Amino acid sequence: MGLLAYLKTQFVVHLLIGFVFVVSGLVINFTQLCTLALWPISKQLYRRINCRLAYSLWSQLVMLLEWWSCTECTLFTDQATVDRFGKEHAVVILNHNFEIDFLCGWTMCERFGVLGSSKVLAKRELLCVPLIGWTWYFLEIVFCKRKWEEDRDIVKEGLKRLADYPECMWFLLYCEGTRFTETKHRISMEVATSKGLPPLKYHLLPRTKGFTTAVQCLRGTAGAIYDVTLNFRSSKNPSLLGILYGKKYEADMCVRRFPLEDIPTDENDAAQWLHKLYQEKDALQEMYKQKGTFPGEPIKPARRPWTLLNFLCWATILLSPLFSFVLGVFASGSPLLILTFLGFVGAASFGVRRLIGVTEIEKGSSYGNQELKKKE
């Protein structure tokens, strides 16, 4: 085992990475708070600054995937589609089967220059979470309660505000609403049967209202829908903890482009279009299981150096004073000061582990179990 490979397995290194991410995130959140003064003066300047601040935080996670674990991401599509990436607003539909599927989506955004301006529909609980929720708030992310009667107007208003967004924007949409588990899949297929819809083998039944609303509100703003079907070679089930330990994965993404004007304007017809799309995604996953590849030309976009340089910059700024402080604590010889510091390290370790735990499938939301609760 080489030195770098050994360091990737050491908890103290993980703790230092977590320290850089958390402290830089708090600095970024405070800076974002200060930029609110720009909103009444120049809304577009506020947006451009916050895109770059968000990039400085999110790119640290992308750095772990691209440079720390050296995970490879291959697109299966055509060159004409790739040539449009980063040059048009788009709605990106992703399957929600893996703990790091969001990282693969962000990596795709990063390689085509739209990471800082990427958008999602987020659950309202995340609004209170430092770093993640706070950064999204300043990015004008739409937060919803997952109760459509209450969310409808909030989502519509939030999406319409993005019509004049100055940066190229990708709206990442997980139409299944929650990550795939066997229990949620069984419940979802019971609902599909009751609605007369064909069963899906590798996906949950898509929730259509968020999709149809996004298409309705972004029509005239977004140019296309990118359908992204993700899987990993060798049937691996990657995790953020595995990425932190430097495990290398090979991600394959089948990307198809659909011009937004081709999507039906009628809500029911658009919902049927989405159901048909997921049947096609299911067929793509079946093909991948059988053949180990997706259709289309394999294209490997080159990783850019900015994620690594951004992290190294933050690490240099934050770790130098940290090391000086730690040396001072132990040089003092004070048992109380040393114990207090060790207690802080323990609390920080717990916090970092909790942040990682947010991505774990078994700790995902109960959103997909709501139908079961209704039956009971």
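Because only heavy atoms are used, hydrogens play no part in the values below, and waters and symmetry mates are left out as well, while side chains stay in. Nothing here was measured: the structure is a model prediction, and the numbers come from that model.
The shortest non-hydrogen separation linking Tyr202 to Asn97 is O-ND2, 2.9 Å. Taking each heavy atom of Gly25 and Leu57 in turn, the nearest pair found is CA-CD1, 3.6 Å. Ser118 and Ile141 make their closest contact through O-CD1, 4.1 Å (heavy atoms, listed as atom of the first residue, atom of the second, distance).
Contact of the Lys87 side chain with the Val114 side chain is not registered, since no non-hydrogen atoms from C-beta on lie closer than 4.5 Å. Between Leu230 and Phe294 the shortest side-chain heavy-atom distance does not fall below 4.5 Å. Asn310 places none of its side-chain heavy atoms less than 4.5 Å from the side chain of Met63. For the pair Met287 and Pro295, the minimum side-chain heavy-atom distance is below 4.5 Å. Looking only at side-chain heavy atoms (C-beta outward), Lys289 and Asn231 stay at 4.5 Å or farther from each other. Looking at heavy atoms from C-beta onward, Trp106 lies in side-chain contact with Leu61 at the 4.5 angstrom threshold. No side-chain heavy atom of Trp273 sits less than 4.5 Å from a side-chain heavy atom of Asp262. Trp306 has its side chain within reach of Tyr55: a pair of non-hydrogen atoms, C-beta onward, lies under 4.5 Å apart.
Leu4 and Tyr249 fall into different hydrophobic clusters, defined by Ile, Leu, Val, Met, Phe, Trp and Tyr side-chain heavy atoms under 4.5 Å apart, directly or through other members. Under the 4.5 Å side-chain contact rule for hydrophobic residues, Val12 and Phe21 share a cluster. Phe232 and Phe76 fall into different hydrophobic clusters, where Ile, Leu, Val, Met, Phe, Trp and Tyr side chains are chained together by heavy-atom contacts under 4.5 Å. Following chains of ILVMFWY side-chain contacts shorter than 4.5 Å, one cannot reach Phe30 starting from Ile132, and the two form parts of different hydrophobic clusters.
A donor-acceptor pair under 3.5 Å is absent between the side-chain atoms of Ser320 and the main chain of Ile317, judged by distance alone. One N or O on the side chain of Ser194 and one on the backbone of Val191 form a donor-acceptor pair closer than 3.5 Å. Checked by atom type and distance alone, the side chain of Thr35 never pairs as donor or acceptor with a backbone atom of Tyr46 at under 3.5 Å. Under a 3.5 Å cut-off, the side chain of Asp101 and the backbone N or O of Phe98 do form a donor-acceptor pair. Between the side chain of Thr221 and the main chain of Cys217, no donor-acceptor pair closer than 3.5 Å is present. Without hydrogens or angle criteria, Thr77 side chain to Val255 main chain gives a donor-acceptor distance under 3.5 Å. Panel note: side chain Arg219, backbone Leu260; a donor-acceptor pair is recorded below 3.5 Å. Distance alone, capped at 3.5 Å, is enough to place a donor-acceptor pair between the Gln44 side chain and the Asp164 backbone. In terms of modelled atom types and a separation under 3.5 Å, the side chain of Asn29 and the main chain of Leu131 share a donor-acceptor contact. No side-chain donor-acceptor contact under 3.5 Å links Arg124 to the backbone of Cys144.
Between Leu75 atom CG and Cys254 atom SG the span is 9.5 Å, to the nearest 0.5 Å. Summarising the geometry, atom CG belonging to Leu94 is positioned 8.5 Å from atom CE belonging to Met253; distances are rounded to the nearest 0.5 Å. Note that CG of Leu200 is 7.0 Å distant from OG of Ser188, once rounded to the nearest 0.5 Å. With rounding to the nearest 0.5 Å, the separation of CH2 in Trp58 from SG in Cys51 is 12.5 Å. Separating the CH2 atom in Trp314 from the OG atom in Ser59 is a distance of 10.5 Å, to the nearest 0.5 Å.
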- Task: Could you give me the CA-CA distance, side-chain angles and deciding distance for Trp136 and Phe143, then say whether side-chain contact (heavy atoms from CB on, under 4.5 Å) is met?
- Result: CA-CA 9 Å; Trp136 275 344; Phe143 292 91; 3.7 Å; yes
- Query: Phe171 and His89: ring-ring contact (aromatic ring centres under 6.0 Å, His included), yes or no, with the steps?
  - Reply: CA-CA 8 Å; Phe171 186 76; His89 295 319; over 10 Å; no
- Are Trp170 and Phe85 close enough, and set up right, to give a ring-ring contact (aromatic ring centres under 6.0 Å, His included), and what steps lead you there? CA-CA 10 Å; Trp170 283 6; Phe85 290 166; 5.6 Å; yes
- Apply the test side-chain hydrogen bond (donor to acceptor under 3.5 Å, both in side chains) to residues Asp83 and Gln79: give CA-CA distance (whole Å), side-chain angles for both, the deciding distance (0.1 Å), then the verdict. CA-CA 6 Å; Asp83 290 342; Gln79 190 59 48; 2.9 Å; yes
- Begin from the C-alpha positions of Glu72 and Lys248 and carry the test salt bridge (charged side-chain N to carboxylate O under 4.0 Å, His left out) through to its verdict. CA-CA 8 Å; Glu72 294 183 359; Lys248 181 178 180 178; 3.3 Å; yes
- Arg47/Glu167 under salt bridge (charged side-chain N to carboxylate O under 4.0 Å, His left out): CA gap, chis, key distance, verdict: CA-CA 8 Å; Arg47 285 170 161 174; Glu167 302 277 333; over 6 Å; no
- Asp227 and Arg257: salt bridge (charged side-chain N to carboxylate O under 4.0 Å, His left out), yes or no, with the steps? CA-CA 6 Å; Asp227 172 53; Arg257 181 184 183 274; over 6 Å; no
- Query: Checking side-chain contact (heavy atoms from CB on, under 4.5 Å) for the pair Val228/Ile93: CA distance, chi angles, key distance, verdict?
  - Reply: CA-CA 6 Å; Val228 180; Ile93 298 176; over 6 Å; no
- Task: For side-chain hydrogen bond (donor to acceptor under 3.5 Å, both in side chains), just list the numbers for Gln10 and Tyr245, CA-CA rounded to whole Å, side-chain angles, deciding distance to a tenth of an Å, and then say yes or no.
- Result: CA-CA 8 Å; Gln10 299 308 297; Tyr245 274 87; over 6 Å; no
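Remark: the Asp252 side chain and the Tyr288 side chain contain an N/O donor-acceptor pair separated by less than 3.5 Å. Side-chain contact, Thr213 with Lys156: no donor N or O sits under 3.5 Å from an acceptor N or O. Between the side chains of Ser24 and Gln60, at least one donor N or O lies within less than 3.5 Å of an accepting N or O. No side-chain donor-acceptor contact under 3.5 Å links Thr181 and Thr183. Under the 3.5 Å distance criterion, with hydrogens and angles disregarded, no donor-acceptor pair is assigned to the side chains of Gln279 and Asp282.
A centroid separation of 6.0 Å or more is found between the aromatic rings of Phe180 and His203. Between Phe311 and Trp68, the distance separating the two ring centers is not shorter than 6.0 angstrom.
Put simply, the residue from Leu173, Leu197, Asn95, Leu274 that forms a side chain to side chain contact (heavy atoms under 4.5 Å, CB included) with Pro206 is Leu274.
Salt-bridge check for Asp151 with Lys209: failed, with every basic side-chain N at 4.0 Å or more from each acidic carboxylate O. Using a 4.0 Å cut-off between charged side-chain N and carboxylate O, Arg179 and Glu99 make no salt bridge. Under a 4.0 Å N-O distance rule, the pair Lys119/Glu140 does not qualify as a salt bridge. In summary, Glu176 and Lys281 do not engage in a salt bridge, as defined by a charged side-chain N under 4.0 Å from a carboxylate O. The pair Glu182-Arg186 fails the salt-bridge criterion, with no side-chain N (NZ, NE, NH1 or NH2) lying under 4.0 Å from an Asp/Glu carboxylate O. One finds no salt bridge joining Glu110 and Arg303 here, because no Lys/Arg side-chain nitrogen approaches an Asp/Glu carboxylate oxygen to under 4.0 Å.
For CH2 of Trp67, the number of neighbouring non-hydrogen atoms (other residues, nucleotides, ligands) closer than 6.0 Å is greater than 12.
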